[in-house]
Undergrad: 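Quick one: this structure, given as C-alpha cells, is what I'll be asking you about.
Source: prediction; values computed, not measured. Values below: every heavy atom of this structure, side chains too, minus hydrogens, waters and symmetry copies.
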Amino acid sequence: MLDPKLLRTEPEKIAAQLARRGFIFDLPRFQAMDAQRKQLQTETEQLQSERNNGSKRIGAAKAKGEDVTPILADMDRIKAQLADNEGKLAVLQGLLDDFLARLPNIPDASVPDGRDENDNVELRRWGTPRPSEGAKDHADLGEALGLMDFAAAAKLTGARFTVLRGGLARMHRALTQFMLDVHTREHGYEELYVPYMVNGASLYGTGQLPKFAEDLFNLVNPNPGLNFADVGLLLQAERHFGLDGSNTLKIKLNQEKDRYLIPTAEVPVTNLLRDEILAPENLPKKWVAHTPCFRSEAGSAGRDTRGMIRQHQFEKVELVQATLPEDSRRAHEELTGHAEKILQLLGLPYRVVVLCAGDLGAGSQKTYDLEVWLPSQNRYREISSCSNFGDFQARRMLARYRHPQTKKPELLHTLNGSGLAVGRTLVGIIENYQQADGSIAIPDALRAYLPGLEKIG
RNA sequence: GGAGAGGUGGCAGAGUGGUCUAUUGCGGCGGUCUUGAAAACCGCUGACGGGAAACCGUCCGGGGGUUCGAAUCCCUCCCUCUCCGCCA
C-alpha cells in the first residue's frame, strides 16, 4: 500500500510514477472519494463528540437527581443522524480501502523504463554457457532415465505436476539441504519452519490479496458462516455508489474463514512481522525457509506446458529480510548476491537482469531476476526473483520498528528472493550437466550431500 | 471432537453500566544525587485516523446487539490455556 498522505499531497507525481509501470491511477475517482470521506468523517466525529458530551451531562444530572428528559430528546436526534453517517462512512471507507489496496508500488528511481520483459536490462553474466548443439531437454533426459514421470503425476492429480524417482528425487532433496546450509552457515540467515496454509490476512499483508486471488489455491471452508452485516454493507455499497463491492466483501469473508495454500514462503515468513513493533537493535531480520509453493497460475496456460519449468507445486528455499528504511537498498544487493552464490557453487551459468518498470511485480519497488542458462532452450530462464518492497508490505501488515530518536513506530522495509527455486535448479543441473550417454554428472558442491552417487543414470 | 477457564497498552496484571480521560507494577526515556555506575527518589512514557495547529475521534481478541452511555450486559465467531477423547 502507498502512503495515503502522499496520495493526497502529491497525487499527480504519484500518478506519473505509476504510469511508468503502465498503471493508470484513477485520480478523479480517488479525489472524489477522499473528499467525500473527509466530509463524512468530520461530520461523524462532530456527532460522536456531541453524543459523548450528552452522555456525560446525563450522568452528571442523574447524580444530582435532576430531570434528564430534555437532554434525552436531543440525544434521539443525534443518535439517528450518527447512525446514518456512520453507515455511509463505513461503506465509503471500505471502497476507499479496497481502491488503495489495489494500487501497485512506486518503482525505484533506478528502475529502467519499459513495458514488458523485453525491456529488462542485463547487468552481468557469470559462467560460460554450454552450446545448445546436441543438448537435450530436461524432460526428455529425465523421462529417458525413467526418473521423471509426468504421466504418473497426471494420473494422480492432473497436468503440471511431476513425480521424481531415485537419483533425481534424491538430488532434489540434496539441493534443498545444500541451499539451506549455505544460507544459514555462510550468509547468516535463521532457518524457519512455517505453515504451508495461511489465512486471508496474511495474503493481504504481502500483497497477493485482493488483486491476485485467481493465482491461489483456496481451501474453502466447508461451513462458511455468512456474515450478514457484511452482506448488508455490500448491498448498501452498490446502492449508494453504483459500484461493485463484491470483491471487498469476498475478501472480508475470506479473512474470517478461508485457508489458502501458500504460493511462496514469502507469505508466512514475512507475515511474522505483521502487527509487530520491533526494537531497532533486533534488525535486520534475516530468515530462510524451505517450503513447497502452490500456484494455480491461471492465464499462463500454454506456456511451458512441457517439463518441470511451470508447475502447480514446486519447492523453494526463500530468503526474507526486514531492515531499517535506509538499509534496504544495500540489503537488496546483498540478498541477490546470496542467491547468486548458490548458482556459482553449483557451477550453473547465469545472468542478472533488472526488471523494467512495466515488468515489475505489483508490490515491488525494484527486482533483480537471476536467470540460469538452459542449453535446450538456448536462452536464460528465471530461477530466482529478488525484490525490495520498501514499506509497501510493511504498511499493509503494520510491520514496524521503534525509531531510536523519536521513539515512535516507523514502517520497516521488507525484501525477499528465491535462493533458489529448487525444481528449476534441478532442471538447470540436468541440462547443464548432461553427458553424451544421457546420464547426469553430479556438481562438486553436491557430492557431500549425495554420498555413494557418482552420476545419475 | 467434548467439558471448563480465559483474551485489557512492549510485558505482567487490576477494572462487572456513568470523572475509565483504563489503577498499578516491570521495562523504556529524562532528571536529582554520585568522581563514574548501581541503588533510591522525582517526572515522562500505548496504537490508529483526521487536522497547519489547538484539538477531535476510534481502539480493552473480531463482528453484531441492548442502552442516553459498554472494557463491563447479551448474541456470534476466532484464538489461547487446562482436562478428556482421537491421532503421527
Undergrad: For nucleotides B/U76 and B/A3, find the distance between their P atoms and express it as a whole number of Å.
TA: 14 Å
Undergrad: The criterion is side chain to side chain donor-acceptor pair (under 3.5 Å); which residues satisfy it with A/H332, sequence neighbours excluded?
TA: none
Undergrad: Within the structure provided, determine whether A/P443 and A/M171 are in side-chain contact (heavy-atom separation under 4.5 Å).
TA: yes
Undergrad: Can you name the residues that form a side chain to side chain donor-acceptor pair (under 3.5 Å) with A/D181, not counting sequence neighbours?
TA: A/Y449
Undergrad: Quick one: stems for RNA chain B, with Watson-Crick or G-U pairs under 3.5 Å, at least three in a row?
TA: B:1-7 with B:78-84, B:10-12 with B:24-26, B:27-32 with B:40-45, B:46-50 with B:55-59, B:61-65 with B:73-77
Undergrad: Would you give a per-nucleotide map of nucleotides 43-50 of chain B, 5' to 3', where B means the base has a protein non-hydrogen atom under 4.0 Å away, S means only the sugar-phosphate does, and - means neither?
TA: ----SSBS
Undergrad: Taking distance alone, no hydrogens or angles, what donor-acceptor pairs closer than 3.5 Å link side-chain atoms of residues 277-287 of chain A to residues at least two apart or in another chain?
TA:
residue: A/K286; atom: NZ; partner: A/H187; partner atom: O; Å: 2.8
residue: A/K286; atom: NZ; partner: A/E334; partner atom: OE2; Å: 3.4
residue: A/W287; atom: NE1; partner: A/E190; partner atom: OE1; Å: 3.1

Undergrad: What residues form a salt bridge (Lys or Arg N to Asp or Glu O under 4.0 Å) with A/D84, not counting sequence neighbours?
TA: A/K88
Undergrad: Restricting to nitrogen or oxygen on both sides, can you table the protein-nucleotides 67-71 of chain B pairs closer than 3.5 Å?
TA:
residue: B/C68; atom: O2'; partner: A/S55; partner atom: OG; Å: 3.4
residue: B/C68; atom: N4; partner: A/K62; partner atom: NZ; Å: 3.2
residue: B/G69; atom: O4'; partner: A/S55; partner atom: OG; Å: 3.0

Undergrad: Show me, pair by pair, the donor-acceptor contacts under 3.5 angstrom made by side chains of residues 72-81 of chain A, not counting sequence neighbours?
TA:
none

Undergrad: Quick one: list whatever passes salt bridge (Lys or Arg N to Asp or Glu O under 4.0 Å) with A/D113, sequence neighbours left out.
TA: A/R20
Undergrad: Determine the interatomic distance between P on B/U58 and the same-named atom on B/G69; round to the nearest Å.
TA: 12 Å
Undergrad: Base, sugar-phosphate, or nothing: which does A/N52 touch, judged by heavy atoms less than 4.0 Å apart?
TA: sugar-phosphate
Undergrad: Ignoring hydrogens and angles, state whether a donor on the side chain of A/E315 or A/H172 is under 3.5 Å from an acceptor on the partner side chain.
TA: no
Undergrad: Using the test salt bridge (Lys or Arg N to Asp or Glu O under 4.0 Å), find all partners of A/K366 that sit at least two apart in sequence or belong to another chain.
TA: none
Undergrad: Can you check the distance between B/G62 and B/A53, where both ends of the measurement are the C1' atom (answer in whole Å)?
TA: 35 Å
Undergrad: A/N53 CG to B/G57 C1': how many Å, rounded?
TA: 12 Å
Undergrad: What residue pairs, at least two apart or across chains, pass side-chain hydrogen bond (donor to acceptor under 3.5 Å, both in side chains) with a residue in residues 416-427 of chain A?
TA: A/E266-A/N416
Undergrad: Among all residues two or more places apart in sequence or in another chain, which pass the salt bridge (Lys or Arg N to Asp or Glu O under 4.0 Å) test with A/R329?
TA: A/D108
Undergrad: Taking atom C1' in both B/G57 and B/C44, compute the distance separating them and give it to the nearest angstrom.
TA: 25 Å
Undergrad: When the P atoms of B/C55 and B/U16 are compared, how many Å lie between them, rounded to an integer?
TA: 32 Å
Undergrad: Rounding to a whole Å, what distance do you find between A/N199:CG and B/G62:P?
TA: 15 Å
Undergrad: Starting at atom CG of A/L40, determine the distance to atom P of B/G57, rounded to an integer number of angstrom.
TA: 18 Å
Undergrad: Check the distance between B/C55's P and A/E50's CD and give it to me in whole angstrom.
TA: 20 Å
Undergrad: With rounding to whole Å, what would you report as the distance between B/G85 and B/G4 at their C1' atoms?
TA: 15 Å
